[in-house]
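Worksheet for the structure shown next.
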Amino acid sequence: MTQAFETSERAGGAGSPPDRNLAMELVRVTEAAAMGAGRWIGRGDKNAADQAAVDAMRLMLGTVQMDGIVVIGEGEKDEAPMLFNGESIGSGFGPAVDVAVDPLEGTRLTALGQQNAISVIAVAERGTLFFPDAALYMDKIATGPDAADAIDIDATPEENVRNVAEAKNKSPRDVSVIVLERDRHEQLIADLRGAGARVTLIRDGDVAPAIAAAHVGIAEVDLLMGVGGTPEGVIAAAAIKCLGGALQGRLWPRNDEERQRLVDHGYEIERVLTTDDLVAGDDVFVAATGVTSGALLRGVRYTRDGAVTESMVMRSRSGTVRRVEAEHAFAKLSRLSGLEYR
C-alpha cells in the first residue's frame, strides 16, 4: 500500500520527477539536525535533543529545491507542529516528492551518550513511499547485496543464518546479527545463538543498523532481524534500495485491537513486504549524518569554532554512495541560517 497526501497547488506549478542528485542538498539538512541535537549528547534530555534536531531540520528543508510532502514525520499535525505527516516542505519548486524524516533517530541514545544516533531523511517520487498510518510495528530482516537472495522472513532464524553464511562464503559462527534488545526477542536471540551466530543487542534505533547490515563496506554486520518501527523500516528500505541490499518486512500488530484497526485501514497483515513494496520509486535519495558515533557513522565532533560531521549520501538510480566529512564554522553558519550554533 502506498499513499500520497493531497496538497494545495504551490508556486512553480506541477512537479516533475527528480532529475538531479537531491541527496547532495539533503545532506545539509541532516548535518544541521545532527549539530542541533549534538549539544544535547549525554545531557539526559531526549525531548530537548529531538526538538533541537527538528527545529534545525525544518529550517534547512525550506531551502531544498523540491515540492515535498511529509509521508513519515514526527506525527499528526495537532501533536507535531513541525514536520507533521502531510506537511508541505521544500521550496515549492522542482520535483514532486514524498519525504520521510527522522530528525533524530535515537533520542534516548543521544540523551545517554550512547552509540548509533543519526539524523536521516529519505526522498522518493511522489506517491511511492509506503505510508505506515496505523501500522506502528514491523517484523524485519535486512542484509546487503551479497546475501539479498538468501534471506526469507518466513524461514527460521537458523535457516537464515545458514543461508546468509553460505551466500557470504563464511561459517555461521562468523555471521553477525543485530537485534533490538526487547523482551519480545528472547526466543529470536536464543535461536540465533543456537545457530552459531554472534548477536549484537542494541538499545534503540534500527535505521542505522539496517543500513550497516546492507553496506558491503561494514564487514562486522551481516543481518538485522526482529520487530521495530514501521516508519523506520520504510526509511531503512529507502537506504537499502540505494545500496542494492534487501529488506523484507511484515506488519506486527501488538494486540487484537491494533490488528483490527490495520484490517479496517486496508492493510494485508500477513503479506511479506519487500524493499520495492516499501519504496516503489526508482529514484530514491537518502542522506544520514551521525549524531553519536557508531558502526555506520562518526558522531558530531566539536572544535573551538565549529564542528565536524560525517554523513552518507545515497541515490538509488546511480547506486552512488558518498561519504561526506564536513567542517562547519559556527559564526558563518549562524549568519546564513539564523540559527544559533555554539
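It should be emphasised that the depicted structure is a prediction, and the values quoted were computed from it without experimental measurement. All residue numbers refer to positions in the sequence shown, counting from 1.
Among all heavy-atom pairs drawn from S311 and E31, the shortest one is OG-CG, 3.8 Å. Scanning both residues, V123 and L22, for their nearest heavy atoms gives CG1-CD1, 4.1 Å. Scanning all heavy atoms of the two residues, the minimum distance from V54 to E74 falls at CG2-OE1, 3.7 Å. Nearest heavy-atom pair, H185 versus V227, reported as atom, atom and distance to 0.1 Å: NE2-N, 2.7 Å.
At a threshold of 4.5 Å between side-chain heavy atoms, the hydrophobic network of Ile, Leu, Val, Met, Phe, Trp and Tyr places V324 and M314 in two separate groups. Hydrophobic clustering places I202 together with I235 (ILVMFWY residues linked when any side-chain heavy atoms are closer than 4.5 Å, directly or through intermediates). In the hydrophobic clustering of ILVMFWY residues, with side-chain heavy atoms under 4.5 Å counting as a link, V313 and V207 come out apart. Tracing side-chain contacts under 4.5 Å through hydrophobic residues (I, L, V, M, F, W, Y), one never reaches I240 starting from I141; they form parts of separate clusters.
How far CG of D102 is from CD1 of I118: 7.5 Å, rounded to the nearest 0.5 Å. One distance of note links CD1 of I41 with CD of Q114; it measures 12.0 Å at 0.5 Å rounding. Residue E125 holds its CD atom at 9.5 Å from CG of D98, rounded to the nearest 0.5 Å. In this structure, CD1 in I121 is found 11.0 Å from CE in M60, a value given to the nearest 0.5 Å.
We find that R58 and E87 are joined by a salt bridge, their nearest charged nitrogen and carboxylate oxygen being less than 4.0 Å apart. Between E105 and K46 there is no salt bridge, since no side-chain N of the basic residue sits under 4.0 Å from a carboxylate O of the acidic one. The residues R317 and D282 are annotated as not salt-bridged, no charged nitrogen and carboxylate oxygen being separated by less than 4.0 angstrom.
The neighbour count for N169 CG, taken as heavy atoms of other residues, nucleotides or ligands under 6.0 Å away, does not exceed 12. Atom CZ of R323 has more than 12 heavy atoms from other residues, nucleotides or ligands within 6.0 Å. In this structure, R184 places its CZ atom where more than 12 heavy-atom neighbours from other residues, nucleotides or ligands lie under 6.0 Å away.
Checked by atom type, the side-chain pair D256/Q260 shows no donor-acceptor distance below 3.5 Å. Side-chain atoms of R28 and T63 form a donor-acceptor pair, as typed in the model, at a separation below 3.5 Å. Remark: the S171 side chain and the D174 side chain contain no N/O donor-acceptor pair separated by less than 3.5 Å.
For R259 and W252, the positive end is not near the middle of the six-membered ring at less than 6.0 Å and at most 45° from its axis.
Although no hydrogens or angles enter the test, the distance criterion places a donor-acceptor pair under 3.5 Å between the side chain of R43 and the main chain of R39.
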